[in-house]
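Remarks on the structure that follows.
Note that the structure is a prediction, hence the values are computed from the model and not measured. First listed ligand is number 1; within each ligand, the first listed atom is number 1. Positions are given from 1, in the same order as the sequence printed here.
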Amino acid sequence: MNLLNLIRDRFVGPLKTLVDDPAPFVDMIRPAQDAKFGEFQANFAMPLAKQLGKPPREIAQTIAQQLQLDDICETPEIAGPGFINLRLKASFLSAQIGRISGDDRLGYSPTSSRRNVVVDFSSPNVAKPMHVGHLRSTVIGDAICRTLRFVGHQVVSDNHIGDWGTQFGMIIYGYRNFLDEAAYAEQPVAELARLYKLVNQLSDYHATKAKLTTLQSESATARTRLETAEAQAKDDKAKKQLNSLRKDIEAAEKAVKDAIESIEKVESSPTLLKAAQAHPDIARKARDETAKLHSGDADNNTLWHQFIPPCLEALNQVYRRLGIKFDMTLGESYFNPMLPGVVSSLQSKNLAKLSEGATCVFLEGNAAPFIVQKTDGAYTYATTDLATIQYRVESLKADEVLYVVDKRQSEHFQQLFATACLWGIGTVRFQHVSFGTVMGKDGKPYKTRSGDTVGLESLLDEAVSRARRIVDENDDRRESPLLTSEERARVAEIVGLGGIKYADLHHSRDSDYTFDWDKMLATTGDTATYMQYAYARVCGIFRKMQLSRDSLQTSGVTISVETPEERRLAVQLLMFGYAIDSVLNDYRPHLLTTWLYDTADAFSQFFDKCSVQNAGSEELRKSRLVLCDLMARAIKTGLSLLGIEVAEVL
Ligand code: ARG
């Protein structure tokens, strides 16, 4: 049940007596900011008054008179210029909680309009260990899949790994020229990653050296331009323009500085310098290896087949630990045979044209073309994504495809969806579920002290070892500890991984967020640990009273919502359906974390003020036990939709 929708539906009839399309006004019925005025508030009277040319209070009154809500709410109250305040009836609250008590789904029934949704997430480029940057897509995508499934949609989770393309040409070149056999035998993925990094660095070195003089002269020109303009600037407007010239200089000088730095990095190391000198045309040769791989060269394909299994195993190790499963892992390589067909289909529909040797789709409103085949004949990321769309629509019968990918790729997806639409892909809905960057406390993308990206595995290890300290301290504080050493390890894994996932999910996905260990594992505040505590607390109450939650008798218990704390908790529990629907509206898992936090918070106040054990009457004690149990189910279900577990003892 979605409580807000239940109420909104009742407004449709009365609104229809005033306007043809009530939808935008129905949307203005929202949860109230302050419980003093009730739980919901309708704010449409003012805009409606403008449209109809009548006083807003009069409109609010007309609607309120026609409302049939008395099975749910007290008589609506009209406040201020025409707000309609709605307060849920105690009898309604009590009956609804009674109805959903003992239910892990909190009364949420599966949808009757099931969609077939493909979710493309995680999708790392293989042959490099996963790093902190991969966390967001993996965790957000998994939460979306779980929530969609919970609601009853058909979901295909697809890990579109980058297992093809230029990186493999580089690795093959590196393998043939710089391989450390012992390292490869011991840790193949780490060695392949080293080779990739090395070939990349040497290619960059030559390219940067070749363009250094140009960069320097660009910087000098920018300076001259500023000096000339400064001499001529007379008024404010002219001075404003100078600011942009100053920015140009800054950018040009930074480019020179970066170039010099990266050159020095190679030249200051005798081994690197020697390698660079011995491989002057490394970039071209690596590209040739890629081209050979793509065109079916036997040796390169054998190497590729040798590299892929250890890379996949390394990824799977991380996924297993995070509890993440994919229905399919169809990487870029899978689509390679389909790429020529994509280009010719686009050409035959007159969508792709030759331009300066490359085959491009030109889209209205886009300065840059969408390139599907480069001058040298190579297909691109774009071509692969078009082939993937064709497969997802034709073979997987997708109604909707979600791409959980860094927001820096938004232009790519905008062009991809526009091209797919012109290509005639039908009524399928595409969405780029974009997200921001994980930042360090220094305000820059999160790195280790030495400036490397933070490996995901070591990050998970650290989370768990920090969590272990919390679990140990807690249990040691008890008169008689409740956990064995293995149990502590298991709980630490739940708390540590939960902390990392939750810290990521509770930020609105578009924004960057700062990685902060202390905040992440804090026991109060908007953290997984806080919710996990609330859950364990309920388990503790039942344990102390020597009752089993599973055999708690829930039917026939009258739920009391007399105190403000009981009432708040009950309302909060009934808002679960609204939270779930809001998440799926625009694929924003943080709306579920907000609900979880409010629920745990409502519980904590309830628990402070309303004694369970000494409730006064047996009836009240039972009612409060039901609320406690339902709250624990709510937390467990809510966290599980985010891929986070709970423990009975913390
Ligand atoms: N492998 C890509 C990267 O690391 C992300 C792929 C996202 N999915 C897609 N269908 N383009 O940037």
Are side-chain N/O atoms of Y379 and E332 paired as donor and acceptor at under 3.5 Å?
-> no
Just checking, is any N or O donor in the side chain of E289 or N300 under 3.5 Å from an acceptor N or O on the other one?
-> yes
Residues D406, R408: salt bridge by 4.0 Å N-O rule | yes
Determine, step by step, whether H279 and Y173 satisfy the side chain to side chain contact (heavy atoms under 4.5 Å, CB included) criterion, reporting the C-alpha distance in whole Å, the side-chain angles of both residues, the deciding distance to 0.1 Å, and the verdict.
-> CA-CA 11 Å; H279 301 266; Y173 187 86; 2.6 Å; yes
Between D504 and R136, is the closest basic N to carboxylate O distance under 4.0 Å?
-> yes
R287 with D281: basic N within carboxylate O range, under 4.0 Å | no
Between ligand 1 and the protein, tabulate every N or O atom pair separated by less than 3.5 Å, reporting distance only.
residue  : atom   : partner : partner atom : Å
ligand 1 : 1 (N)  : S123    : O            : 2.9
ligand 1 : 1 (N)  : N125    : OD1          : 2.9
ligand 1 : 8 (N)  : D120    : OD1          : 3.2
ligand 1 : 8 (N)  : D120    : OD2          : 3.4
ligand 1 : 10 (N) : D120    : OD2          : 2.8
ligand 1 : 10 (N) : D385    : OD1          : 2.8
ligand 1 : 11 (N) : Y381    : OH           : 2.8
ligand 1 : 11 (N) : D385    : OD1          : 3.4
ligand 1 : 11 (N) : D385    : OD2          : 2.8
ligand 1 : 12 (O) : Q409    : NE2          : 2.8

